[in-house]
Each structure stands twice: as structure tokens, then as C-alpha cells.
Enquirer: 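Supplied in C-alpha cells, the structure appears directly below.
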Amino acid sequence: MTTTTIDPAIGPDRARTLFDEELASARTDAALQALRNRWIARQGSWVAAFMERLAQATPEEKKQLGRGANELKKHVEAALTGREQELAATRRPAGAVDITLPGRAPRLGYRHPLSLIRQEVGEIFSRLGYQVLEGPEIEDDYHNFEALNMPAEHPARDMQDTLYLAEPLMPASYEPPTRGRAPLEPQPLTLLRTHTSAMQIREMERQDPPVRLVAIGPVYRRDNLDLTHTPMFHQVEGLVVGRGVTLADLKGTLTSMAASLFGPGQEVRFRPSFFPYTEPSAEVDIRCIRCNGDGCAMCKRTGWLEILGSGMVHPAVFEFVGYDPDEVTGFAFGMGIERVALLKWGVEDIRLFYENDLRFLEQFGR
């Protein structure tokens, strides 16, 4: 906005024209206030200059000059008031959103690292043609122990450190099994499942061979929370049953899984072990992903990392579900999702996965 120098020698009519020109370019409250001060303030304004000139004018000039100055003042006040109302009508309300500003990009969350591993494992076995199941977390004694060749007083039950319910629950719904030794009446739910292997029993009771499944979900043990243990963790159990299934099939499957999880060429080692529901049984190790077998603190200088347990399904388990062990064979394996996450990303404390510290969780954002 340009302004003209105050010149009282200019008549009120010409001054009015000059004001209108300046008003046309005024677009803000500050510009309007500057015009008000410049034109009608008591000191230093156009109207004040005309009043000073009026004191020295002749009687005839006073009459004409006074009338012109008053009309100029009224015109300026009316014009400024009108323009202020126009600006007020277009002014944003208090707290309004300025739609001309660029939008704020929403801060997206990330999937939990354990969810990433769980999804990755599920996708690996889905590509191999496996069913991916979950199943109930509250189980009865039969499916969690007995049908897995762990009858009452079996020493293997002590290895499970089971969490039992204070009061047994009856299942809300129940479908009697079509085969096997499972009771025809619903059994009370007495414990939190110690492994997802119970889903293997439930699925074999329902389905004829061949069977190919992985059961993924949380399981519960009486463990103290420390660097490598937690009373609730996630487990994936795999089961394959059919004619002519051999230990070689188990080894090929687990070798393929290790390559998908930890990279091509990942070396796998089988060590003899014992599980009541498999015979023979084996612990499975992978070559240390940090030192590549040279020996480090992560692998305790052995060059190997234990990852899961596995074996050929015990014939007694087939008898519990009504399969003929002379006709079919199968293999099973189980591993902890947290265990895979610890090894895959070199995390040293399992508690970090459950403390909800965004500084830790955002490192795995995908």
C-alpha cells in the first residue's frame, strides 16, 4: 500500500480521492489501523492538518474548509468501518483449521516384532501347503498331556511346570471326536496349555490322514521372568502325517524353514534328545548367525544355537487319535517364536518384547 504526504494545501475533495485510493489496497487490520491514524487521528492526520489550517483561514474559507473537513472525517470513518466489517466476515473463527496449510502426516505404528516373526513363520509353512491353526488357550488334561503319551504321574509332566486353574471350567461347546480314545463327554478345562501340541491331537481326532499343519499361539509355563524366560510365550508346533513320511522329510522341512528365516545356506544340526510324544527325538541347532560357527558369546563358544525340538510321532500318539501306526507315520516339531526373534535380531533380553518401550519396538518397523 502506497501513501501520500499530508498536504493541508490540498482540498478536502482531493484528499477524499487520495483516501479512497489508499483504502483500496488495505487488506489487513493493521493496514486499516494505520489508515485511521493517518487520516482522522487527533494529531498528525489529514483531518488534524485541516483543523490547523482552519485556524488561519478567512471567514469565507473557514465555512467551506470546515464543512469539507467534517465530510472527509465522516467518509473516512464510514469507509473504515465498512472495510473492517468485510474483513471480520472473512476472518477465520477462533480455533478454526486453516485448510491452506499442508496436512500433517499421521504417525503410523509398527507391527510388534513377535507378530512379524509369527507372520513370517505362518507364511513359510503356508507356501509349503500347511494349515495354520490357533486353537484354545485353556485346555483339558487329556489333550494337553494324556493323548501326547504323558499319562498321570509321567515324569515328563514335571518338565512342563503347568499353570492350573483355581476352578475347572466346562467348555461352552463340544463336538465329540469321530475317532480315537477321547472321552465322548466334554472334559473340564483345568489348565493353561503348556504347548500348542494339543491342537495336533484335536485336529487328528477330526481329520483323516494325510495331515499337514502348524499350530501357532501363546502357551504358559511356571517360569520366572528373566533374560531368556517368561511365563507366557508363543510357540509354533508342526505336524505332518501320511504314508511313507520319514525322518528325511523332517530334516528337509526344517532345513528349508531355517533358510527362509535366517538366510540361504543356513546349516542345521540334529542332536538326539527325548520327548514323550516323538520317537526318535532330536534337538535342532543352527550354525551361529553371529560368528558363523567360529565361537562367540552368543553361542557360548560352541558355534551352534539351539532352535527347536522335533522327532517322529510316537506310535502311542497315533493310537490315541485312532490312526493305525502300521499304515501311517509322521513327524512333529516345536519352537518358540521369542527364541527365533532373539536369535534373528541378536536381542539379549526377552523382557524387551513385553515392556512396550517404543525406542526398542520401532527398530523393527515394517
Side-chain angles (χ1 to χ4, degrees), residues 111-121 134-139 141 144-145 148 150 154-166 190-199 214-238 254 257-258 261-262 269 271 273-278 281-286 288-291 296-311 332-357 359-361 363-364:
R111 285 176 293 173
H112 194 279
L114 296 182
S115 297
L116 294 175
I117 294 295
R118 178 171 175 165
Q119 179 179 350
E120 186 175 0
V121 171
E134 292 192 9
E137 297 177 30
I138 303 177
E139 268 293 359
D141 185 89
N144 195 82
F145 288 124
L148 287 164
M150 288 184 283
H154 193 288
R157 292 203 183 200
D158 297 335
M159 300 165 55
Q160 302 296 318
D161 294 324
T162 311
L163 291 166
Y164 288 93
L165 304 181
T190 59
L191 51 89
L192 299 179
R193 66 181 179 186
T194 59
H195 43 204
T196 51
S197 303
M199 275 305 298
V214 288
I216 305 177
V219 297
Y220 305 85
R221 305 275 178 89
R222 291 175 61 92
D223 283 330
N224 294 322
L225 189 62
D226 57 28
L227 289 174
T228 57
H229 297 87
T230 174
M232 189 279 290
F233 58 98
H234 296 79
Q235 194 174 59
V236 53
E237 299 267 356
L254 297 184
M257 181 198 69
L261 281 176
F262 300 103
R269 180 179 73 173
R271 290 181 291 107
S273 186
F274 166 78
F275 302 106
Y277 35 87
T278 55
S281 302
E283 297 280 0
V284 179
D285 305 329
I286 60 171
C288 181
I289 57 179
R290 176 176 294 178
C291 67
C296 65
M298 184 175 181
C299 62
K300 299 179 181 178
R301 308 298 173 185
T302 65
W304 296 91
L305 298 169
E306 179 185 330
I307 187 173
L308 58 85
S310 65
F333 60 87
M335 68 179 180
I337 296 294
E338 283 82 351
R339 177 67 173 166
V340 175
L342 290 172
L343 298 179
K344 187 178 180 70
W345 289 311
V347 179
E348 297 181 351
D349 191 340
I350 197 173
R351 293 170 292 190
L352 292 171
F353 293 121
Y354 296 99
E355 291 176 347
N356 296 324
D357 188 333
R359 295 172 300 176
F360 171 76
L361 298 178
Q363 298 179 62
F364 308 92

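For the numbers below, each heavy atom of this structure counts, side chains included, while hydrogens, waters and symmetry mates do not.
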Enquirer: Please answer whether the main-chain N or O of H234 pairs with a side-chain N or O of E338 as donor and acceptor at a distance below 3.5 Å.
Expert: yes

Enquirer: Decide whether Y220 and E139 meet the rule of one side-chain donor and one side-chain acceptor closer than 3.5 Å.
Expert: no

Enquirer: Might you confirm whether atom CD of E348 has over 12 heavy atoms from other residues, nucleotides or ligands at distances under 6.0 Å?
Expert: no

Enquirer: Using 0.5 Å steps for rounding, measure from the CD1 atom of I337 to the CD atom of E120.
Expert: 9.5 Å

Enquirer: For the side chain of R193 and the backbone of P136, is there at least one donor-acceptor N/O pair under 3.5 Å apart?
Expert: yes

Enquirer: Mind listing the closest non-hydrogen atom pair of Q235 and T196 along with its distance?
Expert: OE1-N, 3.2 Å

Enquirer: For the side chain of T194 and the backbone of T162, is there at least one donor-acceptor N/O pair under 3.5 Å apart?
Expert: no

Enquirer: To check you understand the geometry: which heavy-atom pair defines the closest contact between P218 and M232, and what is its length?
Expert: CB-SD, 3.7 Å

Enquirer: Would one find more than 12 heavy atoms of other residues, nucleotides or ligands at under 6.0 Å from atom CG of N224?
Expert: no

Enquirer: If every non-hydrogen atom of L191 is compared with every non-hydrogen atom of D141, which pair is closest and at what distance?
Expert: CD2-CA, 4.2 Å

Enquirer: Quick check against the 3.5 Å criterion: does R339 have a side-chain atom that pairs as donor or acceptor with the backbone of E306?
Expert: yes

Enquirer: Taking R222 first and then D161, would you say they form a salt bridge - that is, a charged N and a carboxylate O separated by under 4.0 Å?
Expert: no

Enquirer: Rounded to the nearest 0.5 Å, how far does CZ of R359 lie from CG of L352?
Expert: 10.5 Å

Enquirer: Check whether E283 reaches the backbone of S273 with its side chain - one donor and one acceptor, N or O, closer than 3.5 Å.
Expert: no

Enquirer: Can you name the nearest heavy-atom pair linking I216 to V236, along with the distance?
Expert: CG1-CG2, 3.6 Å

Enquirer: Flag the pair L308 / M257 as yes when at least one side-chain heavy-atom distance between them is below 4.5 Å, and no otherwise.
Expert: yes

Enquirer: For a 4.5 angstrom cut-off between non-hydrogen side-chain atoms, does F233 reach P231?
Expert: no

Enquirer: Counting C-beta onward and ignoring hydrogens, is there a side-chain heavy-atom pair between R269 and V284 closer than 4.5 Å?
Expert: no

Enquirer: What class does the angle between the rings of F360 and F353 fall in, given that below 30° is parallel, 30 to 60° is tilted and above 60° is perpendicular?
Expert: perpendicular

Enquirer: Specify the closest pair of heavy atoms between N144 and H195, including all atoms of both residues, with the distance to one decimal.
Expert: O-NE2, 2.9 Å

Enquirer: Test side-chain contact (heavy atoms from CB on, under 4.5 Å) on L305 and D285 and set out the steps.
Expert: CA-CA 5 Å; L305 298 169; D285 305 329; over 6 Å; no

Enquirer: How long is the span from the CZ atom in F364 to the CD1 atom in I117, to the nearest 0.5 Å?
Expert: 9.0 Å

Enquirer: Are any non-hydrogen side-chain atoms of W304 and R271 less than 4.5 angstrom apart?
Expert: no

Enquirer: Distance check, rounded to the nearest 0.5 Å: L148 atom CG versus T278 atom OG1?
Expert: 10.0 Å

Enquirer: With rounding to the nearest 0.5 Å, note down the distance linking CG in L163 to CZ in R221.
Expert: 10.0 Å

Enquirer: Is the shortest side-chain heavy-atom distance between M199 and E237 below 4.5 Å?
Expert: no

Enquirer: What is the distance from atom OH of Y354 to atom CG of D349, rounded to the nearest 0.5 Å?
Expert: 12.0 Å

Enquirer: With heavy-atom distances below 4.5 Å as the criterion, would you say the side chains of L343 and F262 are in contact?
Expert: yes

Enquirer: Is there a donor-acceptor contact under 3.5 Å from the side chain of S310 to the main chain of A282?
Expert: yes

Enquirer: So, do V121 and L261 sit near enough that their side-chain heavy atoms are less than 4.5 Å apart?
Expert: yes

Enquirer: Taking the side chain as every heavy atom from C-beta outward, state whether I307 and F333 have any atom pair closer than 4.5 Å.
Expert: no

